[in-house]
Amino acid sequence: MGLIPGVGVIKKETMLNVKHSSLPYVLVLPSLLFLAFIIVYPLGFSLYYSFQMWNLQISPVPLGPVGFMNYRTAISDPTFVHSLINTLKLSAAATAIQFVFGLSIALLLSENLKGGNVARALLIMPTAMAPMVAGFIFRYLYYPDGLIPYFLSLVRIPIPKEGILGNASTALWGITLTDVWEWTPFFAIILLAGIKSIPVEIIEAAQVDGASFFATFWHIILPNLRFVALIIIMIRFMQIFNLFDIIYAETMGGPGTSTRTLSYNLYYRGLVEYNIGYSSAIAWIMIIIMVIIINVFLFLSFKGEEL
Amino acid sequence: MARRSLPTRILLYALLVIVICIFMIPIVWTALLSVRPTITNRTLPPTLIFKPTLRHFYYCFANPGLSSHWLIASLVIASAATGLSLPFSLLAAYSFSRFKFSGRKFLMFWYLSLFLGPPIVFLIPYVLMMSRIGLVGKYPSIVIVYQTFTIPFSILVIKSFFDEIPVALEEAAMVDGASRIGAILRVVIPLSLPGIIVASMFAFVFSWNNSIFPLVLSSRSTKPLPVGTLNFFATTGITWNYIAATSLVTMLPPMLIFLVLGRYIVRGLTFGAIK
Amino acid sequence: MTLREMKWAGKLLQVVVIGMLGILLLTGLPAFAQKATINVLGVQDPWYFALEEILPQFEKETGIKVNLEGMAWDALQARLITSFITKEKGVDVISVDDCRLAQFAENGWIIPLTSLIKKDKQAVKMNEFVPQVIHSSCTWRGDVYTLPIATYSQFVMYRIDLLEKAGLLTPPTDPADWWTWDEYMRYVKKLDGLGEEIYGTVIVGSQPVPIVHMYTGLEVSRGVRWFKQFPEAPWDFTPTINTEKSINTLKFYKELYKYSPPEAINYLWFDAGTAFAKKDVGIYYWWSPYGYLARHAGYMVEEPSPIVGKFGVSLMPYEPGEPKVYSLGAHGLGIPKYSAVKEEAWEFIKWVTSSEGQKAMALTHLHAFNDFAREPLFNDPELIKYYPWLPTQLYTVKEADGKVARPHTPLYPSLEGFYGLQLNSALAGHKTPEQAMADAQAQWEVIMKQNYYLPYKGLSYDDTIDKTLDLIEELSP
């Protein structure tokens, strides 16, 4: 079973047309109310205080409205801008790398090798673990006397003397590698399912026609994977965009601010410096950025298709 | 598929082995770290032959056994968060699956964005909110905030399972005199029970793995495993063996669950979008 | 809906709701187990472990039960601030790192202890304290807010065997022979590379906080000041760190890093101590607890380190032409405003900070505590037996002024955070020292202005050592 791209996923035989009943809304109401309470209220609180001066370092109570000052400070704060750039770099690079590797592994697994099922089962293990635990593991592996520098030295790739996580230019790559290690199997398994769902006849027909592997890949497999790929790319991009756990476990945003992402910066401003007003402004800027990104993705992947 | 030539097959198998090694070595290495004598922790070249010891597990889980507190907390939080989400998600999932009502797409998009959004954004005001009612550090505040991803997730995944059950079955039941609620209870839910269990197991794993909420909201007695492990990273020295032992226990349940879930992984990890 | 269906649905709904409530209640149960005792929150510094050991003695003597909870430094700050905002009643005694004192006191989160001390002069014996400690770390606007449980000064530690090998004389322990920073650097250079893997010194480079703690020890003795006028009144918080002296100090620190292990740029507090105890480091300066910590193979571990008996302690260097001022850090015990058992909390503080309490902590089985603030303890022969460098340590305490080294304003955390980033960048070579200081100065101005500190809109208090001496006399028996 799979998806047939282009047709969408309307399942007429399972939909009920109950135009004038309030039942659908009643059923959705409990979850909606519950979530609205635990989300909308804090977000509203946050929006309100983003226009106030409230820094717990200097006063236990808010000190009055200051218009857009917090927002202006955020945009002109070099740390915030740097964290935005870091986050974008990280998200783009990590997603791209995971996708390429994941696709390659998916192609490999689609060759129906013996032990492929065992491989699939083992491969998903990194994805199963908590990101923070993956962060711990890699922090250990990145030590100057750890496994990764050891392997790198075997192939004569030098590492900086402060260690991978200790050098501002390599630290972000260290974080990227941890995330790539943890989530490439995610891409691999799902893309594999996507590949397997392509009707065998199409592929065999192409091979009968003498198409090479690369031609089959480019003209048949890739287009059929478009829908799946876009969904998982969107999901992962957003997850990496919000990345916090791995950074907290490995570098705490350092060295300097080279691994400080938007989430970590917000955490630092709000829960370490306790500048409530300022961190609320940052939070809302993040929300706006996030909504824009999700909308772009949804537009790209669901052009005209029904949910 | 055409049969590959022998050299190609050998290459493919070699690649497969390499791939498996890449993803397994860090895990195996951590397992080794949890039973190594501390002296062999950081040697160059790495020590592969050593006399394993269970001392670290004993320290973590028996005496003084800090990790066992965290283990209990993880169990309580993940179970409660999963359990609490079920009634809410079942109802909403049914509605999304069966009814085409206005606002449906917007609502589903809203739920999706809830767990794609940065948790830190509403964590700070949530902490202030919870602290005003004195719940910071206690289980309810953590379990409640977990609903921001367990409920939307469960809704989307359970919906995809409901979608597979033809409406005709409910309609048949209702024709027989059952009410809609009765139809839900006696037809839809039993038939999709495997799917509901799958969704719950995923929700359990996500709750188990979550570290950012308890980082701020938990106290000494309610700390789950990932956050508790941070204790071993004291600024006065990092005890890697304990970290490895605790991390091993932290990663085992989700891995086991994923093993059991097998073919449902794709659906679960893509929140029901792909089957 | 038929009647039967309704009953069915109703029952199911009840089960679901009760189930949910049950889960929530069960998970909320741990909240209800409270006894009438005092809850003490502290950072897991050596004093914490020493205190743990002597707690039974306190409980037996006073009958008050103590719940001692320790955590890492940043976790503690977060926990404390949360408890203040939430007006939590269950926190009775807290350890206040002196650089946070101003914030806690200014916000009214901890109560002044002055009146309590007045009623109990005989028990507290304020006159025994080295006045610099009280001045630096325990007072704010003329009130005593905490009593010190652990006082850290900074001194120099060196490897006797390595110095011998390099043909260097032991550094001074007598103030009459005080030595200069240039001489210190000469020692570092001579010791570096003596043998394979021997480093001249080790510094702490991790940002944002640890590097500032070590750097300010150097900076303050070379005449660098953070603000135009503080703590003398009227307070002027114009930052004054973009000066030639300051830039030269940063260059000096950078050079010290050159002779340190390269990973030192990410070293936290204890990493430097570990490096000295385990690797081969010739000489370095750091907080005084590292004197006794260097004797152990790990933190709070019995096993001795490889350098036991091979290291010595000496005075900090000074800079000719500048007043001798050094950094002081202290953890003081204070009482939160919302505690419900303030009397018992006060009993605890008195007991633990008394001579008897401090001595008991020093004589615990690990002998890993000598962070005194009371002068008689430094001269106690029984204690000198275990901590032979106590007399030297006393000099460094007396020459310290924590309020000048790390000015305790409520905004200290933000300032320190940014400063640490700049220092670390300069160390890593991402910025020149000139650029780092200029950026630090500029950002500090922004922070101060935004938070109504530049110009200062509040009331200044003339916080001089003389005023503190008067206060101490007033509170002494």
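The chains referred to below are lettered A, B, ... by the order of the sequence lines, with proteins before strands, and numbering in each begins at 1.
Interface residue B/Ile265: only side-chain heavy atoms are found under 4.5 Å from chain A. The part of A/Ala193 that comes within reach of chain B is its side chain, from C-beta onward, which places non-hydrogen atoms under 4.5 angstrom from that chain. Both the backbone and the side chain of A/Ile124 come within contact range of chain B, judged by heavy atoms closer than 4.5 Å. Heavy-atom distances place both the backbone and the side chain of A/Arg139 under 4.5 Å from chain B. When heavy atoms are compared at a cutoff of 4.5 Å, A/Phe45 approaches chain B solely by way of its side chain, counted from C-beta outward. For a residue to count as touching a neighbouring chain, one of its non-hydrogen atoms must lie under 4.5 Å from one of that chain's; by this rule A/Met290 touches chain B with the side chain only. Contacts between B/Trp208 and chain A at a heavy-atom distance below 4.5 Å are absent for every atom of the residue. For B/Ile25, the part sitting under 4.5 Å from any heavy atom of chain A is the side chain, from C-beta outward, and nothing else. Heavy-atom distances place both the backbone and the side chain of A/Leu32 under 4.5 Å from chain B. If you measure heavy-atom distances from A/Phe136 to chain B, the contacts under 4.5 Å come from both the backbone and the side chain. With a 4.5 angstrom heavy-atom cutoff, A/Leu192 does not touch chain B via any of its atoms. Only the side chain of A/Ile294 comes within less than 4.5 Å of a heavy atom in chain B; its backbone stays farther off. Contact annotation for A/Leu108: only side-chain heavy atoms (C-beta onward) come within less than 4.5 Å of a heavy atom of chain B. Both the backbone and the side chain of B/Leu12 come within contact range of chain A, each with at least one heavy atom under 4.5 Å from a heavy atom of that chain. In this structure, the portions of B/Ser211 lying under 4.5 Å from any heavy atom of chain A include both its backbone and its side chain. If you measure heavy-atom distances from B/Leu107 to chain A, the contacts under 4.5 Å come from the side chain alone. Using a 4.5 Å cut-off between heavy atoms, B/Thr43 touches chain A through its backbone atoms (N, CA, C, O) alone. In this structure, the portions of A/Ser263 lying under 4.5 Å from any heavy atom of chain B include both its backbone and its side chain. Contact annotation for A/Tyr248: only side-chain heavy atoms (C-beta onward) come within less than 4.5 Å of a heavy atom of chain B. Both the backbone and the side chain of A/Ile189 have a heavy atom closer than 4.5 Å to some heavy atom of chain B. At a 4.5 Å heavy-atom cutoff, B/Leu169 makes no contact with chain A through either its backbone or its side chain. Interface remark: A/Asp245 contributes side-chain atoms only to the contact with chain B (heavy atom separation under 4.5 Å).
Remark: aromatic rings of A/Tyr41 and B/Tyr126 are distant, center separation not under 6.0 Å.
Per-residue counts of heavy-atom pairs under 4.5 Å with chain A were compared for B/Val19, B/Leu215, B/Thr270, B/Leu112; the largest is that of B/Leu215. The choice from B/Val227, B/Leu90, B/Leu123, B/Asn41 that makes the most heavy-atom pairs within less than 4.5 Å of chain A is B/Asn41. Between chain A and the residues B/Leu15, B/Val127, B/Leu33, B/Thr229, the largest count of heavy-atom pairs under 4.5 Å involves B/Leu33. Per-residue heavy-atom pair counts under 4.5 Å with chain B were compared for A/Thr127, A/Leu29, A/Leu271, and the maximum is reached by A/Leu271. Of the listed residues (A/Ser46, A/Pro126, A/Gly270), the one with the most heavy-atom contacts under 4.5 Å to chain B is A/Pro126. The residue among A/Ala121, A/Ser279, A/Pro185, A/Gly146 with the most heavy atom pairs within less than 4.5 Å of chain B is A/Pro185. For chain A, the option among B/Ser89, B/Gly103, B/Pro45 with the highest count of heavy-atom pairs below 4.5 Å is B/Pro45. Heavy-atom pairs under 4.5 Å with chain A were tallied for B/Ile20, B/Leu225, B/Ile27; the largest tally goes to B/Ile27. Considering only heavy-atom pairs separated by less than 4.5 Å from chain A, the leading option among B/Val17, B/Leu128, B/Ile155 is B/Leu128.
Nearest heavy atoms, B/Phe271 versus A/Gln239: CZ-NE2, 4.0 Å. A pairwise comparison of heavy atoms in A/Val28 and B/Ser95 identifies CG2-OG, 3.4 Å as the closest pair. The nearest pair of heavy atoms linking B/Tyr111 to A/Ser31 is OH-OG, 2.9 Å. The minimum heavy-atom distance between B/Leu116 and A/Ile235, with the atom names listed, is CD2-O, 4.1 Å.
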Cut-off 3.5 Å, no hydrogens considered: what does the side-chain donor-acceptor table look like for residues 245-256 of chain B, sequence neighbours left out?
residue: B/Thr246; atom: OG1; partner: B/Ser67; partner atom: OG; Å: 3.0
residue: B/Thr246; atom: OG1; partner: B/Tyr242; partner atom: O; Å: 2.8
residue: B/Ser247; atom: OG; partner: B/Ile243; partner atom: O; Å: 2.7
residue: B/Thr250; atom: OG1; partner: B/Thr246; partner atom: O; Å: 2.7

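In this structure, B/Asn210 CG and A/Met132 CE are separated by 9.5 Å, a value rounded to the nearest 0.5 Å. Taking NZ of A/Lys114 as the start and CG of B/Leu16 as the end, the distance is 13.0 Å to the nearest 0.5 Å. Annotation: the span from B/Ser113 atom OG to A/Ile293 atom CD1 amounts to 13.0 Å, rounded to 0.5 Å. Going from atom CG of A/Leu35 over to atom CD1 of B/Ile151 covers 4.5 Å, rounded to the nearest 0.5 Å. With values rounded to the nearest 0.5 angstrom, A/Ile39 atom CD1 is found 10.5 Å from B/Gln147 atom CD. In this structure, CZ on B/Phe23 lies 13.0 Å from CE on A/Met125, to the nearest 0.5 angstrom.
With B/Asn209 contributing its side chain and A/Ala128 its backbone, the two residues share a donor-acceptor pair below 3.5 Å. The closest donor-acceptor contact from the side chain of A/Trp181 to the backbone of B/Ile22 lies under 3.5 Å.
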### Task
Report the C-alpha distance between B/Ile124 and A/Tyr267 in whole Å, list the side-chain angles of each, state the deciding distance to 0.1 Å, and finish with yes or no for side chain to side chain contact (heavy atoms under 4.5 Å, CB included).
CA-CA 8 Å; B/Ile124 298 171; A/Tyr267 163 79; over 6 Å; no

### Query
Would A/Met129 and B/Val205 satisfy side chain to side chain contact (heavy atoms under 4.5 Å, CB included), going step by step from the backbone distance to the final call?
CA-CA 9 Å; A/Met129 71 168 74; B/Val205 166; over 6 Å; no

### Message
side chain to side chain contact (heavy atoms under 4.5 Å, CB included) for B/Val145 and A/Ile38? Distances and angles first, verdict last.
### Response
CA-CA 7 Å; B/Val145 80; A/Ile38 51 179; 5.8 Å; no

#### Entry: Verdict with reasoning, A/Phe37 to B/Met129, per side chain to side chain contact (heavy atoms under 4.5 Å, CB included)
CA-CA 11 Å; A/Phe37 176 68; B/Met129 213 170 99; 4.2 Å; yes

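Around CZ of A/Phe237, the count of heavy atoms belonging to other residues, nucleotides or ligands within 6.0 Å exceeds 12. The neighbour count for A/Arg120 CZ, taken as heavy atoms of other residues, nucleotides or ligands under 6.0 Å away, does not exceed 12.
Using the six-membered ring where Trp is involved, B/Trp240 and A/Tyr140 have ring planes that are tilted, between 30° and 60° apart.
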